[in-house]
A.B. asks: 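If you scroll down you'll find the structure; I have some questions about it.
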There are 4 protein chains.
Amino acid sequence: MGILRLGHVDITVTDLDLATAYYTEVIGLMETERDEDSVYLKCWDEPNHHSLRLRYAPRVGFDQMSFKVEHESDLGDFENAIQRWGYPVQRVSKGESVGQGESIRFETPSGQTMELVHDMEMVGRATAPINPSPYVEGLKGIAPPRLDHLLITAEEVGDSAQFYMDVFGFRLTEQLLDGAGHQAAVWLETSGRVHDIAIVTGQNGGLHHFAWWLDDWDHVRRSADILAYNGIQLDVGPTRHGITRGNTIYFFDPLGTRNEVFTGGYRPDPDFPTITWTEDHIGRAVFYYEGELNTRFMTVHT
Amino acid sequence: MGILRLGHVDITVTDLDLATAYYTEVIGLMETERDEDSVYLKCWDEPNHHSLRLRYAPRVGFDQMSFKVEHESDLGDFENAIQRWGYPVQRVSKGESVGQGESIRFETPSGQTMELVHDMEMVGRATAPINPSPYVEGLKGIAPPRLDHLLITAEEVGDSAQFYMDVFGFRLTEQLLDGAGHQAAVWLETSGRVHDIAIVTGQNGGLHHFAWWLDDWDHVRRSADILAYNGIQLDVGPTRHGITRGNTIYFFDPLGTRNEVFTGGYRPDPDFPTITWTEDHIGRAVFYYEGELNTRFMTVHT
Amino acid sequence: MGILRLGHVDITVTDLDLATAYYTEVIGLMETERDEDSVYLKCWDEPNHHSLRLRYAPRVGFDQMSFKVEHESDLGDFENAIQRWGYPVQRVSKGESVGQGESIRFETPSGQTMELVHDMEMVGRATAPINPSPYVEGLKGIAPPRLDHLLITAEEVGDSAQFYMDVFGFRLTEQLLDGAGHQAAVWLETSGRVHDIAIVTGQNGGLHHFAWWLDDWDHVRRSADILAYNGIQLDVGPTRHGITRGNTIYFFDPLGTRNEVFTGGYRPDPDFPTITWTEDHIGRAVFYYEGELNTRFMTVHT
Amino acid sequence: MGILRLGHVDITVTDLDLATAYYTEVIGLMETERDEDSVYLKCWDEPNHHSLRLRYAPRVGFDQMSFKVEHESDLGDFENAIQRWGYPVQRVSKGESVGQGESIRFETPSGQTMELVHDMEMVGRATAPINPSPYVEGLKGIAPPRLDHLLITAEEVGDSAQFYMDVFGFRLTEQLLDGAGHQAAVWLETSGRVHDIAIVTGQNGGLHHFAWWLDDWDHVRRSADILAYNGIQLDVGPTRHGITRGNTIYFFDPLGTRNEVFTGGYRPDPDFPTITWTEDHIGRAVFYYEGELNTRFMTVHT
């Protein structure tokens, strides 16, 4: 049994039209469905129904993160494991959530809602299943091929890390230790990338950002061009992380949720030893080029 | 139980000094050990003892491909599964092979020797385990971060594909069908990359090439510069594959074994449908820019 | 007085609609004017009326190359200089040629028609003259920012080189010498780039190719993607020249005129010494990665 | 007569060994000569004796900027023109300045010392004059191919711009106008690049920065990696200019003189109309991605 990847991120927005315009025109996602209060979006190279759900609400926020599991039977196994850890689990029947079958939901130790699902509607990639062109024409905006990871905040990072590792089998690729040797932030993967989820010290329930995958550094430049052209406020970048080695830009959607475009990193095979960062190196660890964090990056989240 | 990745490729060379000079100075591998007839080499970002073994022999050839398994106990489980498939398995004790513990070896349906091993000596990456710089100085030559995949030849590609899928759980990311609808070539993965092993129609026992991973298209250019500077004969490229979408250069080591540098591709999640290519599209499938295969690429292997 | 740059290339095509479709959709030029037998095109970053004229004719061919001079008065000065060299000069009045004022025309020593003009209609770049965005949205196809250079063929390269240098002040950046020490090919510049015109041994009157400028190596890859996507036959590349150091792809328009996309090179200040290549290095000189010329590249021109 | 390019920048440093270590190891220049108080350095692709002179002094400062003229006779012509403009000119004999022949020096309207020289010692590029490899091996640090431009400060930008245009024939590629329509900053070129010198409002005599040319965006990333690896403080970037369209990083040498690495831009043919920026767009004009200037960039210079 196992978690395959981050499936979709569900956020609330205070202006559904504005948010949809941004995510389709600037980020370049494809709208796959719309119901009375929500819009469902996916990247061109993703086959499943959606990787982002925008729901109208009077306040910008974070509804849930949904991870895809390998087998339908994983749902029951994980349900048991989560309950043994002491957390109640809710079953969501097929038909209750748009674009997907049965799922389970629960609150994580750090207060975010997490969902596991196996059965997602297949709507297909933008490329053909037979004799596809590797080059895709007519994409709009940044057009990332897929959703990559998210970063959440937790009061007790170490406890949260343990939860993800013990219950779901996430592996710890990197960790940042505070002066007392406690985990101030952790990077966890299950898909063979440098991180699928990361957790940083902060208030429970928070979403720091979610990230779109880009294929290379030139795509990072093009993203910066497109963001600037559209008047989007950059938070940090283009720059590079010491942690993950990835190249990156942070910026905000028009309602205030932080997005990232991310590329690079290394291949963290399951037998690789965890990389450890100490607090005195936090500047270069997070932003290798600047060597320091900005206040906004440290304090603003949804 | 599962296979993590291609661990090392073992080839024979007719001039050990010349081959070592090429793999350390032009490819930029690090020599980790040398015994009376062999040299062991690894990429800067690989933690294990070696990913390439060069053994002196009077004839250039392919000794074996070695895959790393997740758990020590996988060896026994795979031993049983291989024997059930009807193939004898040989146990190699710790100490018999340099740089690694116990392993199992067997002949695959297409006649190559395959090894499975869990316990490989950890010699560490070129980057520090604590507060590492993401940028590494002083690398020589092309300096790929790691070994990526290999392509072998088989008289019966379909049977071979079945063997890798059924016994080891490889997933079929792409396939090329001949006019009769039979598999003429297959691309298989177990590590979350577009391929760990590929099999193309040809004589049993053959190695078409093995590939070094590069991080981006600019690294492909730099590789071409370095290869040309060193007078290395290019086979094809820089170009792009339709299959895998990757960017690539093929070339030969000084003794005649084909190497590839490869980057790009997509993320083949286990739930992705297989991509199918038909024979009439073989040109663009293999070399998207040229739209045709050269004879050398089709006929020369070791 | 002086020549500023290659202004426009005028070719004949056997299918004006097909040629226009290719140059606007695949190359991504902008059509600025059309009259009964011709279409006028320019790149998005060029301010003048056109850099390519397509004229219908029953045979693919090369009408002329037109260079822009710095001052209107240069026309008379160059007229005298050309006549002193022994070549008759024709005055073309304002209004005779679309999009430009008075010009002079003459046959070069190697039989091509050459035009000099100062007054070209300004239609403007795709970017605004006031507070322009450096990023331009909505471009189609390859979208090179500008025309770069052309390569013509001549029976007597050395005599031709002398003509361009003595009459117009072109500087010799590189030369390829045959075994007897005679110039087999020359690269000449007047604009501070590695070449504005090059001349290679071949029949008089021929056009080997003309080239579109690209800004970087990633743009070369994207060009290859777009060419392959549109089924355009590549001649050579992506590769690199030893001569000029530039990165390149050669390919043919649908009627058979060779195009190039070109980037890189160095800055040949007027005080730089000429670089010399000897015949035995011709392979690496022309195609650094392949180290050899293909027959098609050597023999096909218009 | 004419100015070819910025030839060399002469600065003072308070620690000659530290400055030399930085410019040779981090920037990757080659030391060509050293005398009792100075070190002379050049880029690998520059043929002349030096493009940077470091002179020991108890205070970091700006000695002079030296431009190369096309002909020896230009010195006398420019001497007359400068004197007609009302500025005294000093002749410096051959032998008085290391690595160069006779020159003229004078104080510009904004108080910087400017030198013109034709005869500079040729020490040659790092590439061979005959059959050179386009790829150069063994370069250290960032290894820019050449010096590109400099930015000086002036109390009266408009007067200064007039001086450079009228006396030397510089062309105005871009200008930033304040609310009253006066030039707050200007970009001037004579070499066919977007700028050879720029002038921004500030105190007379100041040097804001000088810039090293890079060949592409990937070289910008590699520069950022190398700067961070060496602990060099970045001022801004990697980012893009609205003005010039170039990609850039600003940073300080260890003694406090600002350096830039710069690539991109367009080709400002002499007949191109000047681009104008208005004060309300200054943020995007200078730093397109950030949309705002930092205080350090505005106030710190030498």
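Predicted, not measured: the structure shown is a model, and the values here were computed from it. The basis for the numbers below is simple: all heavy atoms, side chains too, and nothing from hydrogens, waters or symmetry mates. Numbers restart at 1 for each chain; the letters A, B, ... are given by sequence-line order, proteins then strands.
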A.B. asks: So, D:Asp225 and A:Tyr289: side-chain donor and acceptor under 3.5 Å apart, yes or no?
C.D. replies: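 Present: a donor and an acceptor within the cut-off.
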A.B. asks: Report which part of A:Tyr229 has an atom under 4.5 Å of a heavy atom belonging to chain D: side chain, backbone, both, or neither.
C.D. replies: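 Both parts, heavy atoms under 4.5 Å.
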A.B. asks: Would you give the length of the straight line joining atom CD of A:Glu292 to atom CD of D:Gln233, rounded to the nearest 0.5 angstrom?
C.D. replies: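 Rounded to the nearest 0.5 Å, the CD-CD separation comes out at 7.5 Å.
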A.B. asks: Which distance, rounded to the nearest 0.5 Å, do you find between the CG of D:Asp216 and the CG of A:Asp218?
C.D. replies: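 CG of A:Asp218 is found 9.0 Å from CG of D:Asp216.
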A.B. asks: Side chain, backbone, both or neither: which part of D:Arg221 has an atom under 4.5 Å from a heavy atom of chain A?
C.D. replies: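 For D:Arg221, the contact with chain A is made by backbone and side chain together.
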A.B. asks: Please find the pair of heavy atoms, one from D:Tyr288 and one from A:Ala228, that lie closest to each other, and give the distance.
C.D. replies: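 Closest heavy-atom pair between D:Tyr288 and A:Ala228: O-CB, 3.3 Å.
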